[in-house]
Each structure stands twice: as structure tokens, then as C-alpha cells.
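Only a predicted model underlies this, so the values are computations on that prediction, with no experimental measurement involved.
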Amino acid sequence: MLVARRLDEEAIALQRQGVFPAYAPAKGQEAAQVGSAAALDLNRDFAFPGYRDIGAAVAMGVDLVAYLATHLNTWHGGLYDPRTSRLAPINAVVGGPVTHAVGWAMGAKLDQTGGAAISYFGDGASSQGDVHEAMNFAGVYQLPVVFFCQNNGWAISVPTERQVAGGSVAARAAGYGIEGHRVDGNDVVAVFEATRAALDRARDGGGPTVIEAMTYRVGPHSTSDDPGRYRTLEDEQAWTDRDPLAVAAKQLSADDVAAAEEHAAAVVREIREGLQASAAPDAAELFSFVYREPTKALLEQQRAWKESLDA
Amino acid sequence: MLVARRLDEEAIALQRQGVFPAYAPAKGQEAAQVGSAAALDLNRDFAFPGYRDIGAAVAMGVDLVAYLATHLNTWHGGLYDPRTSRLAPINAVVGGPVTHAVGWAMGAKLDQTGGAAISYFGDGASSQGDVHEAMNFAGVYQLPVVFFCQNNGWAISVPTERQVAGGSVAARAAGYGIEGHRVDGNDVVAVFEATRAALDRARDGGGPTVIEAMTYRVGPHSTSDDPGRYRTLEDEQAWTDRDPLAVAAKQLSADDVAAAEEHAAAVVREIREGLQASAAPDAAELFSFVYREPTKALLEQQRAWKESLDA
Amino acid sequence: MPELSLQQALNLALQHACEDDDRVLVFGQDVGTLGGVFRVTDGLKAKFGDRVFDTPLAESAIMGTAVGLAMHGWRPVPEIQFDGFSYPALDQIVNQVARMHYRSRGVLNMPITLRLPSFGGIRAPEHHGESLEALFAHVPGLKVVSPSTPSEGYHLLRQAIADPDPVIFMEPKPRYWQREFFDPSEPVPPVPPGTSRVVRAGKHATLVAWGAMVARCLQVAELAAEDGVELEVVDLRWLKPIDVDGLAASVAKTRRAVVVHEAPLTAGLGAEVSALVTERCFGDLRAPVQRVTGFDVPYPSGALEDEYLPSADRILTAVQTTLEYRRG
Amino acid sequence: MPELSLQQALNLALQHACEDDDRVLVFGQDVGTLGGVFRVTDGLKAKFGDRVFDTPLAESAIMGTAVGLAMHGWRPVPEIQFDGFSYPALDQIVNQVARMHYRSRGVLNMPITLRLPSFGGIRAPEHHGESLEALFAHVPGLKVVSPSTPSEGYHLLRQAIADPDPVIFMEPKPRYWQREFFDPSEPVPPVPPGTSRVVRAGKHATLVAWGAMVARCLQVAELAAEDGVELEVVDLRWLKPIDVDGLAASVAKTRRAVVVHEAPLTAGLGAEVSALVTERCFGDLRAPVQRVTGFDVPYPSGALEDEYLPSADRILTAVQTTLEYRRG
Ligand SMILES: Cc1ncc(C[n+]2csc(CCOP(=O)(O)OP(=O)(O)O)c2C)c(N)n1
Ligand SMILES: Cc1ncc(C[n+]2csc(CCOP(=O)(O)OP(=O)(O)O)c2C)c(N)n1
Ligand SMILES: [Mg+2]
Ligand SMILES: [Mg+2]
């Protein structure tokens, strides 16, 4: 959690220094992300993130320099290996990847691996048709998937109460005949336990679960955003007491906290250096990975492009 | 209701005679359609149908020859005037028109007309993302709209239990903080009363309602369908006792029923004659109604088309 | 040698694909118990059990599920019931199916074959007669193919399913019941995706078509032959990648080309064919490439369908135009 | 005469449209309180209250709601936040927005203007740099327009909102902060939809472009002029209907054309421009129409963006190709 927080701060700093063109801060959501991802069994489970889930990447041990490549503008999906990381490529379509978790869970069920999928999405995403279709599919086929909604109060400038009719994403679960739970998203232990229980149930053939982790996006939507246009400082202040790190620190000794800070600082330093050492992408990669084998037309375009460079 | 039934039978006969290329029978769903549409105030409400809602058209007094033009293959949306009929054009996209009812209801609310919208859709349609988005919008804005789901047990070959996770479309309403009711869709009075209550509530600013009318598609999905591939005659038989006409007839005198039959026969005769007298569409209409004014490119295409006819 | 309809040939291709590769999954609306509204998946559920299944009525989830299944190492062959109902799934097709391999830098394969009953001509309701090839062909990461005969259907579907990339497989509905004698077990020489085929040789002009329009062009070629005009008919087959070499070879010979499709004219795939042929064969061409297409109107109701679709007359008129063309 | 950025000009156009017609409604994600992620709707909520509102995060419902509002007699001006998020709404746009007027035989009007921040060049995340014009231009019932300057933005947006048909209004994101001196209150001579404009006269070749590529073509024309090559630059503006007469008039003079766009090559709108120009000007053309476009790859991450987009160099190379072309 502390690594996630310090890394988030570092990313914002890097954006201010012009290293990152933009960044979507996760501050305030560390418990939700770390607590849920820590519950995964990385030998058989798989996670489907959005664009603000760096805490999950931290908890899953993903190569964070490679993860941050998306913000360095090197590669949209990040440079980490999704297969070995058990984390799907970063996905910027709000709601879009939720059905992927359902499909993956169906694959796991067919293969009887005992693996479960977790899908990360926001309160805003819950309005998308895809999320409904995903929950309905998961309910019909009783798939091992956890729908993990971080209700952080906002979708850019729109507060949850003008986004989520009825006020609760977890409450939607009943309509699909599946489990639904709200948890304090700023209590890392509560999140961990709820997620682990849902994953266990999923493995045992108990079907899908919706978890709505109630949290708060303390920072702006992205570094280009100006929250002053839609919420007050008091609004934001109200959540500082509930800072997930403060909540967690209460359960730890001062020494533990100091050690954690030291560890986080070391990790962040390493990542900073890793980012500095990151090579700009090879321009020829413009033509890579479109198909398994490039088509003739693409090779022709690549040839023309090379010629225009040499000209 | 009897008109709807007899007209449905006539349409099937016309399909067998080759007059209609295909038809989607509504048999068994007359109470749901007629009961709900009869609750509308045609001076201020508006209905959004699918492709199997002829009973609603009958109850609303829509020009039925013009309605059946869609099956005559004259014009996809039907030839009736949707504005004066208060019935949107026939819509073949399952789930697609549900958000139109929401938009129309928003328009009515902004204009403070006291009008309410009703959206007709099926159990299969409830799986579509659009239906979820529509319910969420309606809940967020508290719009005067009734989501009228005819749960007729089947979406082509897929039974409701493998379509609707949780088993109930009405139960989804709670997740949006809106009213949801199941009614016996074969009891025309129950349907009428539930719909009228929902419309009244909508007018009074009480917001949207989901009504799930439990009924049965007694016939095939369409005249090209073969239900023997996915259900048994016993399945079908089980519903004959609950035939909405039989249920209604119990509450009427034999004289009333006879009079209704006579009326229905007269209406059907008139429609049959109307269909026979229907002119084939003017081929030049191929280029009509694409824009308010045809573009130059379209006029050019029309000119070339005419020339090729004359050649 | 059996006589098979396109519907039967496709059914057999699915069956053989499932037999040869136990990672193949077939799913979509009504493809299981019913065997598909066109019976293309008939009998597969009985043969392959859980690997063939009905889905709820949600096209976006069908394609999103396919993405997740592919990520788990399956080889999904989903169906969308009709062309016009692809639109709800377009976000998944364009932003996810076509990109996951790219986004993951080649780590996640997307060997998905989307079966899509396509095109018009069967007097069906609204949204059941659309031609979406231009839209799909514009999307990097997708391949697009459409068979014109039963044997083509069999082999192209096998090839599409075996392909490591996502393929949109557009089945020409009006040809489902068209029959042909051929032996599916007879091996065919492998041709890479993006290869067209000359279905009739000629020298005065080249007709380029795909799907159901290939048969119509052959009919036109018969008519023209009566007047001594020898038309070459090219079945493009692969609509992405397009066989520009094959087209150029034909036009180098005939020096005239007419492209025929059902989709509306503006920004249709005929424009791409026209541009490609002109880029490659400008010196050879004796006339601009002619386009005979659907009009820029919504696909009409059955009564107007024949007026909308490229008729033999309209194609013949275009042939005449190109033959008589005099540089202004 | 004020100096206005494109973003300010569009904001003013929306404000004036709302003032002049009290049936105009402005809505979409974050367009109300926030004033839009690009501030194009800034201040409108304060001025027009309920007529400007934020929606939940669901593009399909945004467009479906627009259809219903139009049926109730409103004049909706929805926004989809970014080009790449149009896909979830495509079913509504193609099957409903573009067809309701047709389906109802002209009874139900659909005067909907979809504002769509479009095109690349701003180093944004995935799906924020797409060019969907070919897709929209293919759809009967839609009109498509894209402004290249602040004054164009003002007048075209007013025209789009006043238009009785659905218009896709593609705003070139990288031009939002581009400034121009002009007086929006000064009346402009009315030009019908589908009229292009010559932004620089020339005689050696015609460059055809829209959106942000117009500025790039002007820059190319400057460079070419240094070598004595006089390029005519046509801002197509209306991508549907396309001004084929305007294009033909220019090419009749220059006899050479290069079309430039950001979208991938295959089945892009450049193919349509190429086909149209060739059909109309075959006798005049001294070389095949050249296409300089994005490559057939997904829109890349920021680091590769400049390599993807048509560069001045690539456009100049195409100009040289057309000038030096010798019929084979
Ligand atoms: C389909 C789609 N529509 C719009 C956007 C633009 N967008 C990016 S983030 C965002 C808000 C998302 O809110 P939420 O789901 O609550 O996630 P959060 O940002 O709060 O983590 C929007 C509208 C998008 N990325 N995808
Ligand atoms: C978006 C979309 N997908 C698929 C279809 C094809 N289709 C037509 S009716 C139907 C079943 C609909 O079932 P339901 O909503 O229960 O309505 P019912 O037919 O029972 O009245 C299907 C799959 C369609 N029309 N629209
Ligand atoms: Mg949020
Ligand atoms: Mg049904």
C-alpha cells in the first residue's frame, strides 16, 4: 500500500516534470486495490484492470517500470507481460474489459483449473451496458469471476449519486441472483477478506460475486483535471481522516511503518532509475504486433515509411 | 384482445398463402399487450414497440393495414403515422428502442406535458446493455417511463432460465432504486391495472417502473421457426389453460363473447380487404426520406437508376 | 462426391474444425439447441457438448467473452445472428478483438472467427440485409473474408478458424441453399489469406465482386458473352487483406474494371478497390474503374430490395460505359 | 474583432444556438458542471440550466436518449467524450439516429448534432486519437463535417445544429487552442452542406484534407512554393456529402491530386475521394490520385504518434510522385 502511495506520488511528480504527459492518480484507493489483488492466487487467477489500478499491479508484483510505460507513452497497454504477470494489459475503455473477465472465467471453468478472474472497474463504468451484460452472463453460466467495483465517489466530474441509480452497485447483484457485498474500501483487511471469500466461493463453483469497495478518489481524475470545478476542498477533506494508509497504520507499530516507508522509498528509487533508463520505443515498432505475421500491405507501408525517413 | 388474436391468425394465414414473407405471431400475449396499451392516455403518452406487439397497436387504434405493411414488406417501420398514432415505428433491434422511451420521457418531463412513455421489450432483450443503460438513466433522472417486459418464456430457442440470470426482470428494478412488479401477463385486468398505476405514478413525478408480464409465446418465434427443435408439445400445452382469451372470457357473458367475435371478424375482414387493396410501394421511394432534402449525390444516383430502368 | 449446400458445407467445416482442434468453441444466440437460425451449427451441440453453447441475447458480451476465452487459450468461433446486429458489438470488435494482440505486444493471441450471416436478397426484416465489409476492412488487426460457393465456404471457414488472427467471416445469406458437388476431404492447395480467384477468364473488362454478387457477375458475363464481350470475373474473397496483385494482373490484361457490391456507394469497399487498381494500373486503364453498388440509402424493405441491389442491367450498363469510354 | 480559439468559437456557437432556439439541448459526460474535458461547453450549464446536463457514463444511452428527445421535438446536441468511445454507441447511431427519419417516412425528424472530439496528435491515451469519418460517411442518413479553423468551427457548428438531419461534428482536438481573429456576429454567405473551400490556390497539384491535416497541407504548400511548386489546398470540410464538383473543378485545373488523412489507409475516406476524383476527372488526371494517410495499424502510443500521422515529408514525397509520374 505504501509502495502504491509513494509510487503514485512519484508518478505525479514525474508528470509535473514533463516525463509523463499525463497520469491518473490512485491516491485514496490503495486499500481497495492492494487488498483485493493480494487475495489473488497468482498461479491460477487473473486480473483485468482499467487505467487507475496501479495498486493492484504493485500487489501482484508486476514489473512496475513496464507498467508505467503506458504513462511514458511508450506503449498503450504497458510493457509488462500480461501472461506471466496475470494482469491483462491496461485497458482504457470504461466498462469494456469487464466481459473479458467473464470470458476468461468461462475458459477457466471449461479447463477446470480452479482459477478465478477479477475485474476492476469504477462507479462510472457501472453505467455501461457491458457491465450489465457481463454480470448477466456470469450469472447464467455461474462463472468464477469477481466484479470488483471501486466506488470512489466520482466519474471525472459526475458524483456517484448522479451516476448510479439506486446508489449502490453491489445492490445490482441481487437482480442477477448473485452475491453482492459492500465493503469499506479504505480498510485493507476488510477488502482482502471480502475478496478472498469471493474468490474461494468462485473456485468452489459458487458463482460470481459483486464487491463494491467504498472509497474516494482523493486526487484529480487525471493530471489534466481540475476538481475545483466540481467539488470543494471540504468534500475532499472529509476523506482524509479515512485515508487507507492512516487506517492501516493504526494497526501497525511505528517501527513497522518506518520499515514500510524505507522499503517504499527503495522501490520508488529503483523504479525512478528504471524509468530514466527506459529506451524510447523503436519507431519501427509502429508496424509490429498488428497481426501474427504482417500482411503484404503492411510490409509495403513499412517500406515506404522507411524510404521517407531515409529521404 | 379478440381482434388481436383473430388478426394474428389472419396474419399467419396470409403468410401461409405467400402474401406475407414472414410474420412473428403474438398468440398468447394478447392480454399483456392489449391490457398495457389500453392504459395509455393517447393524448399525451407514447409507446415504443418491438416487432411482436400487434396487440398494442390494436388497443391503441393504430391503422392496422398500415401496421401490417411491415410484414407485407412494403416499409420496415410500418406505414402508420407514428406521431398521430402515438406508436413509434416498428423496431427490429432487440433492446435498441428502450433508450428512446427514456429520451422521450425526458422530453416530456422538460416540456411538463404530463405524458409518459412505455417501452415494450422481451425477456431476451433484457440481456442487452441498452436496457440496463435505459433503466439507469431513467432512475438517475426520475423519468416518467414504464419498462414493460413481456416475459414470454423464450427468446427464439433460449428459455428464460438460461437468459435472465436471477430469473426475474422485475427484480432488476430494485438495483436501480425504481419500482418493479411482476404481473400475470395473461390476465388482462391485472396488466391494465398495473400499467395504469405505473403511468399514474410516472405522471406524478414518481419515476419509472419495471413491469414484468409473465406470459407465453404459444406460437413459433416467427413463421420460419420450428419450436419442435427446442421445446415439447407438453410445454406448449401447459399454457393453453392459461390462454388470456379463456381467462377473460370467464369474466364475460356468452353474449358478450359472441359479440366480440363478431366485431373481431368484421375488423379482420376489413383489414384483409385493406391489405388486398394495398398498392405495392412506388419504386422511386427507394430514394425517399433518407434526408429532409435529398443530397446531390442521391439525386444523381436516382437519375442513374431511372436511366437504367428506361434502358 | 457429395452435393452440398453452402449451409451444409459450413456446418461440416465447423464440425471438422471442432474435431481437429479441441480448443475450438462455437457459441452465439440459438446456435446450440436450435442449430442456428440458418442451421449452420445444426448437430454440433449434440456432438461437442459444452464446446457448443447458446448465449444470452447480447452481442457485445458475446464478443467480449470471446476475447476472454482467447486469453485463456481457447479458439472461439462466435456467431452474431445477423449483419445489422454487429453494431452493439462494435466496440468489442474494434477496440478489443482487433487490438488485444497489439496491445499485449503479441503475447495474447486472438484467434477468433466471427461468423456473420451477411448481405441482402432474402426479403428479411430491417437490419437483416446489411453489408459491413467496408467498416471491418478499415480496422487494423482484423481480417475479412466472404465465400461465394459451398466449396469456398468450407475451405475458407477452415482457414479462418486456423488463422491466428481475428477473422470476420461474412456468410452470404442468399447462397446458403446453393448447392455444389465437391469433396471436402480432398486437400486443396494452400493459398495465403488475401488471395483472390479468377472464376471466369476474359479479356475485355474485369468484374470484381464477393459474396452473392459473384454469381450475379457470372450471369452478367454470360449475357455479355452473347454479344461477344468477354468479361473476366474475379472473386475477391478476402476483403482484408485485399489481393492487389491479383487485381492488377487481371486489369493489366483487360484494362478495364467494374467493382460490384451490395453496400452503399459512398465509402464502400468499391472505393478502396477503385483506388488500389488505379494506383497500380493507371497507365493500363482505358477508363476509370466503375462502381456498381447499393445506393446511399438504408437497406430497404423486401419490396424494394431488387431495385436496391446491383442488378444485371446496372452491371451491364457499367460494362458498356467502360468499354465505350473515351478520354474526355 | 476578437481573437478566438477553436474551443472558444465552438463554445460561442453552442451558446448562440441555445439562445436562438430554445429547443436546443446540450448533454453528455462531464459537459455540465465541468464544462467538458476540453471546456467546449464551459459556462453553458450556468446560462441554460436544465437544457445542459451531465449524463451517466453510457454512450449508447446518450445517443438513444437523443433519439427519444428528438421524437419529442427537441434539438439534441450530445457529446461523446472521445472519438474512440463512439463504438459503444454505434448501434444507436447507425440503426437508430440515421434511420428514424427514414423508418418513419419523414414523419419523425432527427435534428441531432453529435459533437465528437476527434483525430490524433495530442499524446493522449489509447482510443483518444481515432478518425472515424470513413465509417460515418458510409452510413446513409448521416451527414459528417469537420472544421479546420475557429471561424469554420463557429459557422459549421451553427449550421450543423440548424440542419434538420443528423450531423456528426468531428472537432479536431489538436486545433482546439489554435487562435484566429474573426467576428462571429458577422454574417457569412450561406453555403449548403457539402461545399468544400479552397484555402490556398495553386496550379500544379491539389491537396485535399480536413480537420487538423488542413494546416499541415498549408505548411506543405509553403514548403513546396519555395521550390516553385504551387499547390492548391482544398479543405473538404463536409465529409458527407462530399463536394465532388469542387474537387473536380480544382483537379481540372491542376490535373493532379493528393488526399491526406489521419485514419488508416485501407477503406479510409481517401479511397472515396480517389475514386470520385478519378471517376470525374479521368481524362484530366496526369497521375493516379495519391493517398497519404495513417498506416494500417492501431493508433499508436504518443511516442510513435508523429511517425503514424501524415508528415510534411510524406506529403511532399507524394507531391513529388504525382508531379514526376509518367504513364507506364
Ligand atoms: C467507454 C468510455 N467512455 C468514456 C471514457 C472517458 N473516461 C475516462 S475515465 C472516465 C470516468 C470513469 O469513471 P469511473 O468508472 O468511476 O472510474 P474512475 O475514473 O473513478 O476510476 C471517463 C468518462 C472512456 N475511457 N471510455
Ligand atoms: C440486437 C439484436 N440481436 C439479435 C436479434 C435477432 N432476434 C430477433 S428476435 C430475437 C429474440 C428476442 O427475444 P425476446 O426479447 O424475448 O422477444 P420475443 O421474441 O420473445 O418477443 C432475436 C435474437 C435482433 N433482432 N436484435
Ligand atoms: Mg469512479
Ligand atoms: Mg421472449
Between the CD atom in D:Glu279 and the OG1 atom in C:Thr278, the distance rounded to the nearest 0.5 Å is 9.0 Å
Chain D contact via C:Leu239 - side chain, backbone, both or neither, heavy atoms under 4.5 Å: neither
If you tally heavy-atom pairs under 4.5 Å between each of C:Ser301, C:Ser60, C:Ala137 and chain D, the highest tally belongs to C:Ala137
Could you list all the side-chain hydrogen bond (donor to acceptor under 3.5 Å, both in side chains) pairs where at least one residue sits in residues 263-274 of chain C, not counting sequence neighbours? C:Thr266-C:Asp296, C:Glu272-D:Arg291
Most contact-rich option vs chain C, by heavy-atom pairs under 4.5 angstrom, among D:Gly141, D:Pro298, D:Ala275, is D:Pro298
Among residues 244-260 of chain D, which ones touch chain C with a heavy-atom distance under 4.5 Å? none
Minimal non-hydrogen separation, C:His138 against D:Gly268, with atom names: CE1-CA, 3.4 Å
Sub-4.5 Å heavy-atom contacts with chain C: which residues of residues 78-96 of chain D show up? D:Gly84, D:Tyr87, D:Pro88, D:Leu90, D:Asp91, D:Val94, D:Asn95
Using every non-hydrogen atom in the two residues, find where D:Pro264 and C:Pro140 come nearest and quote the distance to one decimal. CG-CG, 3.7 Å
Residue-level interface, residues 118-131 of chain C with chain D, non-hydrogen cut-off under 4.5 Å: C:Glu126, C:His127, C:Glu130, C:Ser131
Heavy-atom cut-off 4.5 Å, strictly under: side chain, backbone, both or neither for C:Arg103 against chain D? side chain
Nearest 0.5 angstrom please: D:Phe282 CZ to C:Phe282 CZ, how far? 5.5 Å
